[in-house]
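Structure first, then comments.
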Amino acid sequence: MITGHQECAVPKEVYHKGPQVKEGMQYGEYVNNQASSAPTPLSSTSDDEEEEEEDEEAGIDSSSTTSSASPVPNSYDALEGGSYPDMLSSAASSPAPEPTPDPDPGPAPASTPVAPQPSKMAKPFGYGYPILQPGYQNATAPLNSGVQPSSTVYSGFQQYPQQYPGMNQLSSSLGGLSLQSSPQPESLRPINLTQERNILPVTPVLAPVPNLNLELKKLNCSPDSFRCTLTNIPQTQALLNKAKLPLGLLLHPFRDLTQLPVITSNTIVRCRSCRTYINPFVSFIDQRRWKCNLCYRVNDVPEEFMYNPLTRSYGEPHKRPEVQNSTVEFIASSDYMLRPPQPAVYLFVLDVSHNAVEAGYLTVLSQSLLENLDKLPGDSRTRIGFMTFDSTIHFYNLQEGLSQPQMLIVSDVDDVFLPTPDSLLVNLYESKELIKDLLNALPNMFTNTRETHSALGPALQAAFKLMSPTGGRVSVFQTQLPSLGAGLLQSREDPNQRSSTKVVQHLGPATDFYKKLALDCSGQQTAVDLFLLSSQYSDLASLACMSKYSAGCIYYYPSFHCAHNPSQAEKLQKDLKRYLTRKIGFEAVMRIRCTKGLSMHTFHGNFFVRSTDLLSLANINPDAGFAVQLSIEESLTDTSLVCFQTALLYTSSKGERRIRVHTLCLPVVSSLADVYAGVDVQAAICLLANMAVDRSVSSSLSDARDALVNAVVDSLSAYGSTISNLQHSALIAPSSLKLFPLYVLALLKQKAFRTGTSTRLDDRVYAMCQIKSQPLVHLMKMIHPNLYRIDRLTDEGAVHVNDRVVPQPPLQKLSAEKLTREGAFLMDCGSAFYIWIGKGCDNNFIEDVLGCPNFASIPQKMTYLPELDTLSSERARSFITWLRDGRPLSPILHVVKDESPAKTEFFQHLIEDRTEAAFSYYEFLLHVQQQICK
Amino acid sequence: MQIIAFDELKTDYKNPIDQCNTLNPLVLPEYLIHAFFCVMFLCAAEWLTLGLNMPLLAYHIWRYMSRPVMSGPGLYDPTTIMNADILAYCQKEGWCKLAFYLLAFFYYLYGGYNFEIEYPSVYLQMLFVYETDTE
């Protein structure tokens, strides 16, 4: 067992547990002692949670009593003084606080300056025009009458009159049918889908703005962190059923924000019955009382709240930052703690079997860790540890004072124990030299290993034992199917079934070992993040459970090899950089509250649901998204607004307990037309995708696909029946839903749900995991990639980001008809970029941007753009960098030549086109229409 | 008993993990006792009673066959139990079964009174219903 390792630099001790070796016995006993004493610091899971609940409650009571007993405006000032300046400056710079004015991941940073304009324009145009139903003109016009010159900017509404020049005559002839007495909002403009060729707008689709009064609009939560599928909430469940649309929330609660009001105060003002945090949508009855907007209880305003530290004035509770911002963060007092805030603890569990060493990921990992060791979020208490495993488990003693790291091998994988529980997780700063030594030695330590087995299960059990006293983050790197000890898995994939159109099996876990382990970890505030770097089937469906239920995240690098697949290695390196340095919250819980009458139904994401509205998140990271399905339990007739509030209580890496609160306010409507007017089609698609994943695991993939198609059929036919005066042969959708069929078709062709095209099971499962855990912005790109033409980038409409000019080319629809042989196109699929170069592409462009003299000389595998000192190169690179910014997964760039075999990868994303196994967009519409007419 | 348990879950009193841990060991005994009764009825040639119990037996078998992947015995998975659909389903199932067992109990009692041949099974069933109802 040890012979293979003898040469390595690190000295080791070998521990055998069992009667044959004496030390082994000692350790065995030692472990037993440990086991009996371990539970004491933290009692059982349930007790903890119960305590927390009480603690939270106690927090309310005690805080309200303190406030009534001792009004302390002066001490308040003193308290706030330290941590307030950034708040002061931020509020001073923007007197009317935007919900969350921040450049954020994804396309939003630059679109913030531009974005408001189109959306603002939309309203006046929509309202201003007498509404005419395009279906009618098109019914008389030839089919392609809707084709527009591709150079013009389609903003839907402006082009309207040009597009239908015969409007007046037509409206007079068809007036009796189509003219409506009252102006209709733009989002309700009916569109005949089968005759609208260019359904995709050229500018990115923005979240619809809820129809609230101006004041509330300003205060409302940013759609980037909090979105609802219906921005007009139907009054009753019956109305919702009639609309046949999913109702739910899409959350991105821990998003990186550049501007966030942080509030330190003695009392965190909350409703006494439902414990909602005070928010901009409460009403002040008078100076001393406020009415909760979720349960309508009237609460007292505590004395402390009367003083406004921003203006330093007294008696203006409605001007406090809590009431002026819908996204705030509170520094929580000790009432919100179960135990002293934990330090940041990171444990790395690494596969070092032959397969793993062959793939060579250890070099990349060690390199990244060495580079980012100082940037790991944490304070002076930060602790770190390493474990490696093949058929045995290796621990590393990094205790300060040792001359070099000490390797301890435990060979008994059936009953894992920790050889020296104290010195395996060490303080990052005290043992930094040892850690660096280890990381430098690690890549070469196992080069001659012949061990092919992988004891992942036992290694995870050991990691759990190691982490359970503190909690923290475990990062697992795995390269093959676990083949030894608890949690071993068998290969379940039948390669011949990859492109089957009928049944896709094994989407669910094969064993509940990983799920149970995840639940145990979650109970001890430990999250497990999985990096799967495998070339063969590794049963991600089973392995993913360890992250799913412990609020971890999953990274998957198919066919990873350091030398053979350098782009994957580069991707891993970039992903690791983000992973290691991004913000992290520990021992978190998230509670979602909503106005009385609404209730939470099902949650989607990586977490463990602890009670009807409480999610337990061992770790929270800025790239985690969540979705919630809602149902309307009681009629909302007596209210005109509903509110949703998420409160995320977490321990920051600096050991502070914080609460981040987001509040969203939406209007309630009573008519079906208004419900359709407020559909947020992107949110609806993301929610449907989440539901479809659940359905394919619990029932079958074909069921999920049918459900997706039915979602379109039902909603469009429900809409069709509301407008009675239309001919039934046309497929009519309101403008707000015009992209719905397109997106559903895109989902059906997505890796997760496609059939007929060869898809590896792990790829499929990974796509499903992504759908469940990605926030909306990133998920939308996965579902419907963006296509841009980049060989003629201009500065027209460009935005400026950090002194760089970023061109904004128009979006192209995903169809081969848009690809011209003279052009070069960039496709942004979220996790990958493809640059497709046409055969007849201008040599100037190839030379200036790709650095090759002509088309023939472009290499087959090109994964970067050279830094050339030309204008077009600069433009292309700045555009790509801008697209890349803030992505959780760094996309790989593929340059695809028109004739290279890699182009199938690119062409499978052109979802509007027909493939052997799937409909084209037009065929899909006809199919939907047929279903409706049935 | 299960109804109470699910109600507890719904109203936030208990942790789903603990609740599933208490419920799961009880599922199999319940099914087995019911199956045992069916066998008894079969032996006693009580065809009508057996006929009445067959659907439930079939349901039990189906339910246990389609349970989530689990290593231990039982039906309930703490990660999905909080899903509103499943929780509502389990609650409804609990109520229906309680009603069925109660009716069955009185029916057996009546049957036993009339024919005086089923005493042992009546007592057993009584015991069982008592067991499922308490807690």
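Every chain is numbered from 1 and lettered A, B, ... according to where its sequence line falls, protein lines coming before strand lines. All heavy atoms count here, side chains included; hydrogens, waters and symmetry mates do not. These figures come from a predicted structure and were not determined experimentally.
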Toward chain B, the part of A/Lys548 with a non-hydrogen atom under 4.5 Å: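 Contact with chain B: none, neither part.
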Is chain B contacted by the side chain of A/Ala518, its backbone, both, or neither, given a heavy-atom distance below 4.5 Å?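 Neither part; nothing is under 4.5 Å.
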If I compare all heavy atoms of A/Phe608 with all of B/Ile17, which pair ends up nearest, and what's the gap?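 That would be CZ-CG1, 3.5 Å.
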Any chance you could lay out the side chain to side chain contact (heavy atoms under 4.5 Å, CB included) test for B/Thr79 and A/Leu519, step after step, and finish with the verdict? CA-CA 8 Å; B/Thr79 55; A/Leu519 292 183; 3.7 Å; yes
Counting only non-hydrogen atoms closer than 4.5 Å, does B/Pro78 touch chain A with its backbone (N, CA, C, O), its side chain (CB onward), both, or neither?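 B/Pro78 touches chain A through backbone and side-chain heavy atoms alike.
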From CG (B/Asp85) to OG (A/Ser631), nearest 0.5 Å: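 Between B/Asp85 CG and A/Ser631 OG, I get 9.0 Å after rounding to 0.5 Å.
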